[in-house]
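What follows is a single structure, written as structure tokens, with notes after it.
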Amino acid sequence: MIATSNTITHEEVRIIDQEHDILHRTIRLIDEAFITKQGNKRISQLISELYKFIDFHFTSEENLMLFTDFPYYDEHKKEHTELMRDLADIICAFNADMIDYHELVDYLNNRFTDHSDLPDRQLKAYLVTMIK
Ligand SMILES: [Fe+2]
Ligand SMILES: [Fe+2]
């Protein structure tokens with residue numbers, strides 16, 4: 001089926017929801033890796049996976065926003081850019097032993113829960129209206 005301009009399918013909205021689930025699952029895996037002492041190599045692999053996945057997920061959302069002419073694209077994109085910059089900073093601080101794992105996991109949970117609660121909820125409410 002060929003998509004017409006500015007409309008999307010249920011599947012595209014479902015994929016964004018699934019990406020949020022993966023993002024939160026990866027944060028949980030990082031937490032578990034610390035609690036069960038799975039080792040620094042495993043933890044740094046999971047942190048790298050999370051960073052790359054968040055970058056991918058933000059690009060997915062931004063592409064959908066542009067495709068559907070989301071009216072708050074600029075604000076939402078700005079928040080993504082700030083989150084990626086802060087995420088890189090907090091990972092550097094963790095790798096340099098300037099913060100411990102509790103601070104890392106708390107940061108991940110708080111910042112990404114906040115983003116899911118407000119801007120992403122606003123985006124989803126809009127995307128649902130763009131389903132053909
Ligand atoms: Fe977002
Ligand atoms: Fe999101």
Side-chain angles (χ1 to χ4, degrees):
M1 190 173 93
I2 298 168
T4 54
S5 179
N6 289 338
T7 61
I8 56 173
T9 63
H10 281 285
E11 190 184 16
E12 283 164 295
V13 177
R14 204 160 44 235
I15 287 169
I16 293 293
D17 287 340
Q18 287 168 347
E19 288 176 7
H20 288 141
D21 291 343
I22 292 169
L23 198 155
H24 288 106
R25 176 181 174 274
T26 309
I27 295 172
R28 274 201 312 279
L29 287 178
I30 292 169
D31 197 24
E32 279 171 27
F34 279 110
I35 290 167
T36 59
K37 298 184 175 19
Q38 292 172 21
N40 289 343
K41 188 174 179 203
R42 163 82 173 151
I43 290 161
S44 80
Q45 283 170 333
L46 286 170
I47 290 172
S48 170
E49 180 181 331
L50 180 70
Y51 185 87
K52 289 175 182 171
F53 187 77
I54 289 172
D55 198 19
F56 166 86
H57 167 66
F58 284 175
T59 304
S60 298
E61 281 189 357
E62 288 158 18
N63 286 343
L64 264 182
M65 286 188 248
L66 286 172
F67 185 67
T68 59
D69 297 318
F70 181 56
Y72 304 103
Y73 171 81
D74 289 340
E75 295 96 310
H76 202 123
K77 162 99 177 157
K78 184 167 174 274
E79 182 151 342
H80 284 174
T81 303
E82 288 169 2
L83 279 165
M84 286 307 293
R85 187 197 59 217
D86 292 352
L87 182 60
D89 287 349
I90 198 110
I91 290 170
C92 279
F94 175 75
N95 288 337
D97 289 329
M98 292 162 67
I99 60 164
D100 67 15
Y101 105 85
H102 292 287
E103 289 171 278
L104 175 71
V105 172
D106 283 352
Y107 168 84
L108 295 172
N109 277 323
N110 292 337
R111 285 302 300 270
F112 290 98
T113 300
D114 285 352
H115 186 74
S116 303
D117 276 353
L118 288 169
D120 279 357
R121 192 175 294 179
Q122 179 191 49
L123 173 60
K124 183 172 178 181
Y126 176 78
L127 290 176
V128 167
T129 69
M130 303 307 286
I131 293 172
K132 189 179 179 187

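Counting convention: from 1, in listed order, for ligands and their atoms alike. What you see below is based on every heavy atom in this structure, not just the backbone, and it leaves out hydrogens, waters and symmetry mates. This chain uses plain numbering: 1 for the first residue, then up along the sequence.
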*Is it true that atom CG of Asp117 has more than 12 heavy atoms of other residues, nucleotides or ligands lying nearer than 6.0 Å?*
yes

Between the side chains of Thr59 and Glu62, is a donor N or O closer than 3.5 angstrom to an acceptor N or O? no

- Can you tell me if Glu61 and His20 form a side-chain donor-acceptor pair at under 3.5 Å? yes

Here the gap from Asn110 atom CG to Glu103 atom CD, rounded to the nearest 0.5 Å, amounts to 12.0 Å

Compute whether any side-chain donor of one residue and acceptor of the other, for His76 and Asp120, lie under 3.5 angstrom apart. yes

Any protein N, O or S atom under 2.8 Å from the Fe ion (ligand 2)? Found His20 NE2, His57 NE2, Glu61 OE2, Asp120 OD2

When you compare the side chain of Tyr126 with that of Thr129, does any pair of heavy atoms fall below 4.5 Å? yes

Output field for angle at the Fe ion (ligand 1), His80.NE2 vs His76.NE2, rounded to 10°, should show 90°

